[in-house]
Amino acid sequence: MHCLSVNDQNLCVFTSTLIKENAYLLVKGRKALLVDPNDSPDLLAFLQKAQVQEVTIFLTHEHFDHTCGIPLLQTHFQTTLVCSHRCAEVIADEKNNQANWIYYLLICQDEQNGTHLAESFQGKDSKYALVPNHSFREQLDYQWEGEHFHFQTTPGHSAGSCCIIWNDAAVFTGDSLLADRAVITRFPGGSTEQYNQRTKPYLDSLPDDLLILPGHGNYCVIRELRRETA
Amino acid sequence: MTNEEKYIHAFTSTFEVGADEAKTLQFQGVPAWDSVGHVSLIAALEEAFDIALDPDDILDLSSFEKGRKILAKYNITV
């Protein structure tokens, strides 16, 4: 776990061991805000140590690596779940967890790199269904403990993807925009056409000085990313 | 749609190839059938036939022809 200062606040990042997915945590008193809870073993311990009682969870999309921490959190805390309408439809059915995708991709990585990640993943593929407390069709403005969040659907990586702008200073992009790798639009539910027609123009319209907080890999300011791809 | 048509459609829609080419496909035989494409193919087959493939079968599905044999294990004749 490491922390960075965003909006003059401490934002903690918990990166999962196998899939390297970033979960972002903001704590205010006994309340916590979590974006894309993963199964990082440190996360629960941290929340318990901070004596958190209520956890608000934002999802950038429906994929297993971004939701797999939720069932455990729900057994320990009062939770509120917020995601897009399409994301909600997918996570409502436990058949859609698709942890087997992750397992398969880890096997491929193992073959390529000589690692043993898939072995460690076995047993983590429990099926679960989730029902959000709030969902939205296109956009949503949401207040949490004095912080403002603007959700905007960004289909392409998955059907239920969205980006979440925090106080006009940072944006949780999930897998819709990554700082150090290409966005994948070929997973089931993904669409290159939707990404190019809807999401890319939206991302291109974001201000230069916005901090990108992606679902995987490093964070950076959009300006740096645009400079690299120019 | 017959099982045969559903099976062919899973390949043609996932990899954007014609039916004749689909029947000759092998894993990594076309750029689209890489590990990500494989995940999409599995999802397409699972949805088309309302099944959940075992991890071993996901790994074994290395060609169009091999897929027929795997589906037979789920009592699906293609």
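Quick caveat: nothing in here was measured; it's all calculated off a predicted structure. Per chain, numbering begins at 1; letters A, B, ... match sequence-line order.
Among B:Asp34, B:Leu53, B:Ile42, the residue making the largest number of heavy-atom pairs under 4.5 Å with chain A is B:Asp34.
Pairing each heavy atom of A:Ala118 with each of A:Tyr103, the nearest pair is O-CE1, 3.5 Å. Of all the heavy atoms in A:His216 and A:Asp175, the pair that sits closest is CD2-OD1, 2.9 Å.
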Under 3.5 Å, sequence neighbours excluded: what are the donor-acceptor pairs made by side chains of residues 69-78 of chain B?
residue : atom : partner : partner atom : Å
B:Lys73 : NZ   : B:Asp57 : OD1          : 2.5
B:Tyr74 : OH   : B:Asp54 : N            : 2.8
B:Tyr74 : OH   : B:Asp57 : OD2          : 2.5

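You'll find the side chain of A:Tyr128 reaches within 4.5 Å of the side chain of A:Thr67, heavy atoms only.
At a heavy-atom separation below 4.5 angstrom, chain B is approached by no residue within residues 194-202 of chain A. Within residues 150-162 of chain A, no residue has any heavy atom under 4.5 Å from a heavy atom of chain B.
Legend: salt bridge (charged side-chain N to carboxylate O under 4.0 Å, His left out) pairs involving residues 95-110 of chain A, not counting sequence neighbours, sorted by first then second residue: A:Lys95-B:Asp50.
For A:Phe149 and A:Phe58, the distance between ring centers is under 6.0 angstrom.
Judged purely by distance below 3.5 Å, without hydrogens or angles, the side chains of B:His9 and B:Glu5 never pair a donor atom with an acceptor atom. For the 3.5 Å distance criterion, the side chains of A:Thr80 and A:Asn133 fail to qualify, holding no donor opposite an acceptor.
Atom CG of A:Leu33 and atom CG of A:Leu25 lie 8.0 Å apart (nearest 0.5 Å).
Interface remark: B:Glu47 contributes no atoms to any contact with chain A (heavy atom separation under 4.5 Å). Using a 4.5 Å cut-off between heavy atoms, B:Leu41 makes no contact with chain A at all. At a 4.5 Å heavy-atom cutoff, the contact between A:Phe187 and chain B is made by backbone and side-chain atoms alike.
With salt bridges taken as basic N to acidic carboxylate O contacts below 4.0 Å, none links A:Arg227 and A:Glu224. The pair B:Lys66-B:Asp60 does not count as a salt bridge, with every side-chain nitrogen at least 4.0 angstrom from each carboxylate oxygen.
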